[in-house]
Amino acid sequence: MANTQILALTVERFKSYEKATRIDLKPLTVVLGRNSGGKSTPDPRSEVPIKLEGLVEAFNLRELTWGWPPANGRVPGPIVEIEWTSDVDIAQARHVGRNPDPENLAKHAHVEWFRDLPPRANLRSALRIETAEHQGVTRIERLTVTAKCVNGEPSFVLTQEGGSWKLSYRGDLAGRLAVEVDHFIPYLRIDRSDVGPRSRERAWFNAWLILFAQPLESLKRALTDLQYLGSTRVPPPSLFRPVTVAPQEIGVSGEFAAQLLHRRERDVVHYLPALVVTEASASIPENVLALPLVDAVNSVLADLSIGSPVKVEVVQEIGFRLLFGNASLTHVGRGLTYLLPLVELGLFADPLRFSGSAAETPLADYLAACESHSHIALEEPEAHLHPKVQSRLAHWLVSLALSRRRLIVETHSDHLVRRLRGLAARAGVGSPLEKWLLENVAVIEVEQDAQGRSTVRTGGLTAEGGITESWPADFMDEASAEDSAIFYAGLAKAPVESQAPVASPFIHDEGDEDEVEP
């Protein structure tokens, strides 16, 4: 994967999003909002038997369409647009195109910089997917792939009519270029015996090779490798059966976490330790560590204030079990059962996992060695965790995002978000951590109106520990309101002559020795 980063997502007519709604993604994107506001894809209803595609389950396309329109011939469905950036080997693309003449290419493709092509470039691209249901049959009606990095934003548009695809470039029909679509990724083919070397359609095909072919493959790989961990976990058994092949993912419910740890426990992963945080300061660790997976898991758990280490105990001729200290995974409660897959996922998302140097590496050198970014989506990572662990989870998430992992985190945790604010306040003025937090953390508020329409507002952290743009409604005011109520109610109850001190409503004891208000 060529340094791919998914940068933005726009949806329209999708579930509770009626109008086009754009979400710009940062290395750490935190999504907040009320229950049923439209933050995440809910579990499928029991009466919905068919999985439409991927992780989104539905009986038909209309179920995923705003307003759930009735069946009536052609029904316009959701529109999804994704933007990403990736590195392109232009020299390789030109070789595949048999080294087209730059002047002819620039003339017919209307891209001036084709006259002096560099060997490599970082390109920003967009893919728009328009769907519809025809007599109960779901299909993609239109695909538009656009080069955002070029003046004029040249684009190919593919439209499906009568079961076949038609292709145009910048509004002109390309009748001699063949089209294939794999799911929603388009591919072009050319019969060079039918298209002359000076033909504009030959130039369009070569423009496709340079601007779109590699970025689309990079997008496909990024979406295929995206790691998603939901908010529920499969109850662990007392004994696990070993697998012959190591899993390539944790599983959406963490169901493969034990087998992955068993098969890969001595294989090396690289990770940036959790941020170094005191009551008055916060800083980025200098080095990326390289440890066997099981040792790395225990190191991160210790940073999250979990004292009992995890280990794999083999039961001869039967299988294996996971122990926290001397207790099995089934006896330690839901918190660790939920936390273990989360920690493993962050380590497994190492772009250099199970390869590369086995020694500590300066962060800058590690970033230079990584040729890709990992993409992770987490749903309520704080579930069943102690407030202290929720707070320290923020340290770990920031360290992951600092080290080539791009995260989308849907959360209801006041403790986690408050600690993110606290990190920005603690970071020294102008320090690398302060600069990174202000530029690379997005806080997205999701709201829903009385008609069920969802909208989003995006903010970020401020150097003083606030959130720009807006505060999520009914989210981070509950703790302060309750503390104020306790404070004033306590004053009213205490006898005047022997009134005991009442705790300030502005200090929150979350069970963490270094938790203070930002």
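Counted by atom type alone, R405 and S403 present one or more donor-acceptor pairs between their side chains at under 3.5 Å. Residues E153 and T146 bring no donor and acceptor atom of their side chains to less than 3.5 Å of each other. For the residue pair Q5 and T85, no side-chain donor N or O sits within less than 3.5 Å of a side-chain acceptor on the partner. Looking at H134 and E141, their side chains do bring a donor and an acceptor atom within 3.5 Å of each other. With hydrogens and angles left out, the side-chain atoms of T4 and S86 include no donor and acceptor closer than 3.5 Å.
One distance of note links CG of L123 with NZ of K148; it measures 14.0 Å at 0.5 Å rounding. Between the NE2 atom of H373 and the CZ atom of R404 there is a distance of 4.0 Å, given to the nearest 0.5 Å. Atom CZ of R421 is separated from atom CG of L416 by 12.5 Å, given to the nearest 0.5 angstrom. Note that CG of L363 is 13.0 Å distant from NE2 of H270, once rounded to the nearest 0.5 Å. Between atom CG of residue L397 and atom CG of residue L378 there is a gap of 6.5 Å, rounded to the nearest 0.5 Å. Rounded to the nearest 0.5 Å, atoms CD1 (I210) and CG (D89) are 11.0 Å apart.
Counting heavy atoms of neighbouring residues, nucleotides and ligands inside a 6.0 Å radius, atom CG of D194 exceeds 12 of them. Around atom CZ of R98, no more than 12 heavy atoms belonging to other residues, nucleotides or ligands sit under 6.0 Å away. Within 6.0 Å of the CG atom in N72, the count of heavy atoms belonging to other residues, nucleotides or ligands does not exceed 12.
At least one side-chain heavy atom of I444 sits under 4.5 Å from a side-chain heavy atom of T29. Between R457 and E447, the closest side-chain pair of non-hydrogen atoms falls below 4.5 Å. Counting heavy atoms from C-beta on, the side chains of I90 and P118 come closer than 4.5 Å. No side-chain heavy atom of V443 sits under 4.5 Å from any side-chain heavy atom of V31. The closest side-chain heavy-atom distance from I284 to L272 is below 4.5 Å. At least one side-chain heavy atom of I190 sits under 4.5 Å from a side-chain heavy atom of R202. Taking the side chain as every heavy atom from C-beta outward, V300 and W396 approach each other to under 4.5 Å. No side-chain heavy atom of D267 sits less than 4.5 Å from a side-chain heavy atom of L293.
Within the cation-pi definition used here (under 6.0 Å to the ring centroid, within 45° of the axis), R353 qualifies as a partner of F348.
Taking a cutoff of 4.0 Å between a charged side-chain nitrogen and a carboxylate oxygen, R22 and D24 qualify as a salt bridge. Salt-bridge formation is not detected for the pair E255/R233: no Lys NZ or Arg NE/NH1/NH2 atom is positioned less than 4.0 Å from an Asp or Glu carboxylate oxygen. A salt bridge between K435 and E439 is present, with a side-chain N of the basic residue lying under 4.0 Å from a carboxylate O of the acidic one. In this structure, R115 pairs ionically with E103, as a charged nitrogen and a carboxylate oxygen lie closer than 4.0 Å.
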*Passes salt bridge (charged side-chain N to carboxylate O under 4.0 Å, His left out), R74 versus E133? Steps please.*
CA-CA 6 Å; R74 175 187 174 275; E133 184 175 293; over 6 Å; no
*Please lay out, stage by stage, how S413 and Q390 fare under the test side-chain hydrogen bond (donor to acceptor under 3.5 Å, both in side chains).*
CA-CA 7 Å; S413 175; Q390 292 185 36; 2.5 Å; yes
_Working note: D191 + V195, criterion side-chain contact (heavy atoms from CB on, under 4.5 Å); need CA distance, chi angles, decisive distance, verdict._
CA-CA 7 Å; D191 182 353; V195 184; 5.7 Å; no
_Does E344 form a side-chain contact (heavy atoms from CB on, under 4.5 Å) with L340? I'd like the steps, not just the answer._
CA-CA 6 Å; E344 275 193 61; L340 180 60; 3.7 Å; yes
*Which is it for T144 and L127 under the side-chain contact (heavy atoms from CB on, under 4.5 Å) test, yes or no, and what are the steps along the way?*
CA-CA 6 Å; T144 305; L127 175 65; over 6 Å; no
*I would like to know whether Y271 and Y366 meet side-chain contact (heavy atoms from CB on, under 4.5 Å); could you show each step before the answer?*
CA-CA 9 Å; Y271 68 100; Y366 170 81; over 6 Å; no
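One N or O on the side chain of T224 and one on the backbone of K220 form a donor-acceptor pair closer than 3.5 Å. Checking side-chain atoms of Q227 against main-chain N and O of I376 turns up no donor-acceptor pair under 3.5 Å. At least one donor-acceptor pair under 3.5 Å links the side chain of S431 to the backbone N or O of E434. Of the possible polar contacts, one joining the D101 side chain to the N104 backbone as a donor-acceptor pair under 3.5 Å is found. Q248 places a side-chain N or O within 3.5 Å of a backbone atom of A246 that can act as its donor or acceptor partner. Between the S218 side chain and the Q214 main chain, a donor and an acceptor come within less than 3.5 Å of each other. Between the D365 side chain and the T361 main chain, no donor and acceptor come within less than 3.5 Å of each other. Checked by atom type and distance alone, the side chain of T65 pairs as donor or acceptor with a backbone atom of L61 at under 3.5 Å. A donor-acceptor pair under 3.5 Å is formed between the side chain of S399 and the backbone N or O of P273. Between the side chain of S168 and the backbone N or O of L173 there is no donor-acceptor pair closer than 3.5 Å.
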Counting only pairs under 3.5 Å, give me each side-chain donor-acceptor contact of residues 6-14, with atom names and distances, residues two or more places apart or in other chains.
from : atom 1 : to  : atom 2 : distance (Å)
R13  : NE     : G77 : O      : 3.1
R13  : NH2    : G77 : O      : 3.0

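Partners of E382 under the side chain to side chain donor-acceptor pair (under 3.5 Å) rule, at least two apart in sequence or in another chain, are T411. Residues meeting the salt bridge (Lys or Arg N to Asp or Glu O under 4.0 Å) test with R94, sequence neighbours left out: none. Under the ring pair (Phe, Tyr, Trp, His ring centres under 6.0 Å) criterion, H110 pairs with no residue, sequence neighbours left out.
The two residues T458 and A442 make their nearest non-hydrogen contact at CG2-CB, 4.3 Å. Pairing each heavy atom of S16 with each of G452, the nearest pair is CB-O, 3.4 Å. In this structure, S199 and R176 approach most closely via the heavy-atom pair OG-NH2, 3.5 Å. Of all non-hydrogen atoms in A109 and R170, the two that sit nearest each other are O-CD, 3.8 Å. The heavy-atom pair separating L105 from P100 by the smallest distance is CD2-CG, 4.2 Å. Residues V398 and W436 come closest through the heavy atom pair CG1-CZ3, 3.9 Å.
Among residues at least two apart or in separate chains, ring pair (Phe, Tyr, Trp, His ring centres under 6.0 Å) pairs with a member in residues 184-210 are F156-W208, Y169-W204, W208-F212. Residue pairs that meet the ring pair (Phe, Tyr, Trp, His ring centres under 6.0 Å) test with at least one member in residues 72-100, sequence neighbours left out, do not exist here.
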